[in-house]
Number of protein chains: 2
Amino acid sequence: MVDYISLLKQNNLKATIQRTNILKSINRTGHITIDEIYEELKIDYPTLSLATIYKNILLMVQHGVIVEIPISGEKSKYEIKKDEHIHLICKSCGNIEDRELSSCNIDIEDFNIIFKQINLYGLCRNCQSK
Amino acid sequence: MVDYISLLKQNNLKATIQRTNILKSINRTGHITIDEIYEELKIDYPTLSLATIYKNILLMVQHGVIVEIPISGEKSKYEIKKDEHIHLICKSCGNIEDRELSSCNIDIEDFNIIFKQINLYGLCRNCQSK
DNA sequence: GTTGTTAATAAAAATTATTATCAAAAAAAG
DNA sequence: CTTTTTTTGATAATAATTTTTATTAACAAC
């Protein structure tokens with residue numbers, strides 16, 4: 001189990017109920033959209049405002065707690081920031097799977113890489129056999 | 001110079017003035033947002049509707065003429081579909097540069113890759129020396 | 001050329017997404 | 001405690017996108 005309170009504090013953010021719960025939703029699903037977070041959380045926290053989620057998502061991205069995953073033709077998803085990895089995005093079921101970034105050592109001279117975003121679109125094992 | 005009319009027809013789309021000019025904007029800049037296309041084209045075609053651009057961008061993406069480049073924290077840009085390559089996206093000036101996808105041979109078993117999207121965010125040569 | 005048919009466009013309306021404002025609540029500091 | 005700061009929720013405002021409708025363009029058949 002992840003300690004969201006420490007995670008937030010390490011990144012100079014106060015640990016509010018709203019924030020820890022947003023992180024819990026993100027972590028549980030792995031990757032999730034803002035709308036989905038809202039749908040999930042408003043069951044337990046009916047007064048939660050969508051604006052609060054937007055505000056905190058932006059804040060947590062700026063503070064490096066979470067990362068935006070922009071996806072072709074869809075709404076962005078968010079994930080907890082972690083070690084470098086790639087995304088296998090299924091065009092059929094929409095599921096996103098994380099994989100180690102091995103066998104791929106990109107090194108570009110004359111460009112100072114800050115972070116890599118590698119998304120592979122295709123069909124997951126499950127959807128291939130349909 | 002690219003023959004946009006043939007390009008459209010090859011992909012089962014009629015070659016209208018609007019479409020060829022959208023493609024011309026995309027090709028001239030390499031990568032461009034919908035808004036930027038609109039700003040550019042409405043100088044010469046003041047009656048052009050933004051909705052027409054949205055519609056045709058979507059259509060041309062679906063028909064494989066162009067490709068969406070979703071970018072973290074920004075609006076998507078579009079490029080003419082071409083051979084596999086990666087993007088070097090400068091966090092400072094926003095410029096996108098294409099590079100050969102060499103030295104990186106990703107092969108994932110149990111996932112059927114349709115296309116790869118590799119974006120490297122960082123600082124371009126120019127912005128490093130500032 | 002005119003007509004009919006089809007497809008594409010422009011303009012407008014409707015919808016959806018995102019951001020800003022601000023008073024109230026909560027948390028932190030003194 | 002009281003004060004100060006921060007966060008939240010509600011709402012309003014703005015921006016982005018999609019849908020609808022009316023008009024126009026293209027073009028084959030007459």
Side-chain angles (χ1 to χ4, degrees), chain A residues 4-26 31-63 65-78 94, chain B residues 4-26 32-63 65-78:
Chain A
Y4 304 113
I5 297 175
S6 313
L7 180 59
L8 286 164
K9 289 190 174 163
Q10 277 161 26
N11 290 282
N12 300 313
L13 286 174
K14 300 200 171 141
T16 65
I17 296 286
Q18 290 80 353
R19 287 176 193 162
T20 53
N21 276 288
I22 290 171
L23 289 176
K24 208 183 289 181
S25 281
I26 296 177
H31 320 83
I32 192 170
T33 65
I34 287 179
D35 289 346
E36 289 164 349
I37 295 171
Y38 182 56
E39 290 308 315
E40 250 192 49
L41 295 186
K42 80 177 175 194
I43 295 169
D44 288 332
Y45 303 88
T47 69
L48 178 65
S49 167
L50 183 57
T52 298
I53 299 182
Y54 271 103
K55 224 177 319 181
N56 282 313
I57 287 286
L58 181 62
L59 202 65
M60 291 193 287
V61 167
Q62 287 167 343
H63 284 248
V65 180
I66 60 176
V67 173
E68 180 188 357
I69 311 170
I71 303 170
S72 290
E74 292 176 45
K75 303 193 83 175
S76 287
K77 295 190 173 184
Y78 296 86
Chain B
Y4 304 113
I5 297 174
S6 312
L7 180 59
L8 286 164
K9 289 189 174 163
Q10 277 161 26
N11 290 283
N12 301 311
L13 286 174
K14 300 207 170 136
T16 65
I17 296 285
Q18 289 81 355
R19 287 176 193 162
T20 53
N21 275 288
I22 290 171
L23 289 176
K24 208 184 287 180
S25 281
I26 296 177
I32 191 170
T33 65
I34 287 179
D35 288 347
E36 289 164 349
I37 294 171
Y38 182 56
E39 290 308 315
E40 253 193 45
L41 295 185
K42 79 176 174 193
I43 296 169
D44 287 333
Y45 303 89
T47 68
L48 178 65
S49 167
L50 184 57
T52 297
I53 299 182
Y54 271 102
K55 217 180 325 177
N56 282 314
I57 286 286
L58 180 62
L59 202 65
M60 292 192 288
V61 167
Q62 287 168 342
H63 284 247
V65 179
I66 61 177
V67 173
E68 181 187 357
I69 311 171
I71 303 171
S72 289
E74 292 177 43
K75 303 191 84 174
S76 287
K77 294 191 173 185
Y78 295 86

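Just so it is clear, the structure is predicted and the values come from calculations on it, not from any experiment. Here is how names work: the chains are called A, B, and so on, in the same order as the sequence lines, proteins then strands, and each is numbered from 1.
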Applying side chain to side chain contact (heavy atoms under 4.5 Å, CB included), name anything that partners B:E36, two or more places apart in sequence or on another chain. B:I32, B:T33
Measure CG/B:L48 against C1'/D:dA25 and give the value in whole Å, please. 15 Å
Which atoms of nucleotides 14-25 of chain C (N or O only) lie under 3.5 Å from a protein N or O atom, and what are those distances?
from, atom 1, to, atom 2, distance (Å)
C:dA17, OP1, A:K75, NZ, 3.2
C:dT18, OP2, A:Y54, OH, 2.1
C:dT18, O5', A:Y54, OH, 3.4

B:N12 CG to C:dA8 P, in whole Å, measures 12 Å
Between atom CG in A:L13 and atom C1' in D:dT6, what is the gap in whole Å? 12 Å
So does A:S49 get a side-chain nitrogen or oxygen closer than 4.0 Å to the phosphate oxygens (OP1/OP2) of D:dT8? no
Establish, with yes or no, whether the OP1 or OP2 oxygen of D:dG9 is under 4.0 angstrom from a side-chain nitrogen or oxygen of A:Q18. yes
Tell me: OH of B:Y38 to C1' of C:dT9, nearest whole Å? 13 Å
Closer than 4.0 Å, any side-chain N/O of B:T16 to the OP1 or OP2 of C:dT9? yes
NZ of B:K42 versus P of C:dT9: gap in Å, rounded? 18 Å
Rounded to whole angstrom units, what separation is found between the CD1 atom of B:I17 and the P atom of C:dT9? 10 Å
With a 4.5 Å heavy-atom cut-off, do A:M60 and A:L8 have their side chains touching? yes
Specify the separation, in whole Å, of atom CZ of B:R19 and atom C1' of D:dA25. 13 Å
Specify the separation, in whole Å, of atom CG of B:L8 and atom P of C:dA8. 11 Å
Steps toward side-chain hydrogen bond (donor to acceptor under 3.5 Å, both in side chains) verdict (B:Q18, B:T52): CA-CA 8 Å; B:Q18 289 81 355; B:T52 297; over 6 Å; no
